[in-house]
2 protein chains.
Amino acid sequence: MSTENIITIGEAELEVMKVIWKSKDAISSAQICKAVSDHGWKRTTVTTFLARLVEKGALSAEKIGKSMYYTPIITAKQYKKAQVKSLLKNVFDGSAQDLVASLFEEKALSDNDIAELKAIFEKKE
Amino acid sequence: MSTENIITIGEAELEVMKVIWKSKDAISSAQICKAVSDHGWKRTTVTTFLARLVEKGALSAEKIGKSMYYTPIITAKQYKKAQVKSLLKNVFDGSAQDLVASLFEEKALSDNDIAELKAIFEKKE
DNA sequence: AATTTTCGTCTACAGTGGTAGACTATAATT
DNA sequence: AATTATAGTCTACCACTGTAGACGAAAATT
């Protein structure tokens with residue numbers, strides 16, 4: 001493992017990442033702003049998030065014409081895995097069973113979810 | 001639902017909570033300090049964590065003799081559920097399948113884990 | 001050409017969390 | 001009694017995150 005890639009992404013920053021992850025190609029700040037407009041953030045707020053995400057190495061940016069375009073460096077998959085891993089380690093002391101049990105207790109799983117998960121398990125072993 | 005119970009607990013604070021959760025009865029700051037000594041925190045640092053946890057309503061404190069004794073208000077179970085819920089919502093957009101799939105990809109599950117989880121599923125439906 | 005709109009850049013401020021020193025009061029030892 | 005150890009309280013500092021205003025340049029509109 002490399003000398004560590006512990007990039008933290010804040011909750012608001014994450015909303016921005018999600019928009020970029022959804023986009024097939026590099027996406028402009030204008031488009032990003034539009035996509036997160038429901039959050040009510042000012043343009044400069046979103047811009048700050050973008051700048052910080054670039055600083056952290058989560059995004060790469062390039063200026064095309066007048067505007068900045070962003071591309072993910074960290075993928076959604078990587079991020080998700082890192083987050084589950086972190087939760088598993090920090091909160092559940094490594095017990096995946098405990099984690100999944102908590103999901104149940106949260107009633108976070110529909111019958112359909114359960115069916116799907118069983119399918120995953122069957123396949124996996 | 002009440003008007004919200006979004007108590008955030010930092011990573012270091014959590015280590016302190018864990019110690020208190022493990023203790024059957026109210027536990028003194030001295031004992032807590034001893035229990036977290038491997039982290040190398042100064043006494044006053046731990047004390048700050050405790051004070052903040054009390055402020056946030058995660059712990060209750062009472063002075064007995066010379067020392068403060070702490071008892072959890074938030075239980076480990078509540079906290080864990082809230083954390084999984086939060087991860088599910090913020091990172092996995094509510095898809096529990098996606099979350100569990102990430103656990104797999106993380107290779108966080110041993111064969112034994114898988115067996116145990118299957119058992120949970122069987123029981124649950 | 002003059003004006004307005006669109007963007008990027010810089011600076012700032014408050015809240016939370018990690019970290020701890022200074023100060024004080026009380027209890028334990030010598 | 002004098003000294004030392006123990007434990008609580010206060011204050012502070014920095015990094016990170018959410019939030020955004022002020023400024024300036026370039027592009028689009030009138």
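Atom set for the values below is all heavy atoms of this structure, side chains included, hydrogens, waters and symmetry mates excluded. Predicted, not measured: the structure shown is a model, and the values here were computed from it.
Residue B:T45 has a polar side-chain atom (N or O) positioned under 4.0 Å from OP1 or OP2 of C:dA20. Proximity of A:K56 to the phosphate of D:dC16: no side-chain N or O atom is located under 4.0 Å from OP1 or OP2. B:T47 has no side-chain polar atom (N or O) that falls below the 4.0 Å cut-off from OP1 or OP2 of D:dT9.
Within 6.0 Å of atom NZ in A:K85, 12 or fewer heavy atoms from other residues, nucleotides or ligands are found, so the atom counts as exposed in its surroundings. The number of heavy-atom neighbours closer than 6.0 Å to CG of A:D111, taken from other residues, nucleotides and ligands shown, is 12 or below. Environment of CG in B:D38: crowded, with over 12 heavy atoms of neighbouring residues, nucleotides or ligands closer than 6.0 Å.
A straight line from CD1 of B:I64 to C1' of D:dA7 spans 15 Å, rounded to a whole angstrom. As a whole-Å value, the separation of B:Y69 OH from D:dA7 C1' is 12 Å. When the P atom of D:dT9 is taken as reference, atom CG of B:L50 falls 11 Å away, rounded to whole Å. When the C1' atom of C:dA12 is taken as reference, atom NZ of A:K42 falls 17 Å away, rounded to whole Å. One atom, CD of A:E11, and another, P of C:dG17, lie 12 Å apart when rounded to the nearest Å. In this structure, CD1 of B:I9 is placed 13 Å from C1' of C:dT16, rounded to the nearest angstrom. The separation between A:E55 atom CD and D:dG18 atom C1' is 15 Å, rounded to whole Å. Nucleotide D:dC16 holds its C1' atom 14 Å from the CD1 atom of A:I7, rounded to whole Å.
For D:dA20, the base has a donor-acceptor partner in the side chain of A:T48 [N/O atoms by modelled type, under 3.5 angstrom]. For D:dG18, the base has a donor-acceptor partner in the side chain of A:R52 [N/O atoms by modelled type, under 3.5 angstrom]. A donor-acceptor contact under 3.5 Å is formed by the side chain of A:K66 with the base of C:dT6.
The 5' end of DNA chain D is approached more closely, in terms of each residue's nearest nucleotide, by A:V46 than by the other of A:R43 and A:V46. Of the two residues contacting DNA chain D, namely A:T8 and B:K63, the nearest-nucleotide position lying further toward the 5' end is that of B:K63.
Between the A:S86 side chain and the A:A82 main chain, no donor and acceptor come within less than 3.5 Å of each other.
Aromatic ring orientation, A:W41 versus A:F49: perpendicular (interplanar angle above 60°, classes split at 30° and 60°).
Nearest nucleotide to the B:T44 side chain, out of D:dT17, D:dG21, C:dA20: C:dA20. Counting only heavy atoms from C-beta on, B:M68 has its side chain closest to D:dG8 among D:dG18, C:dC7, D:dG8.
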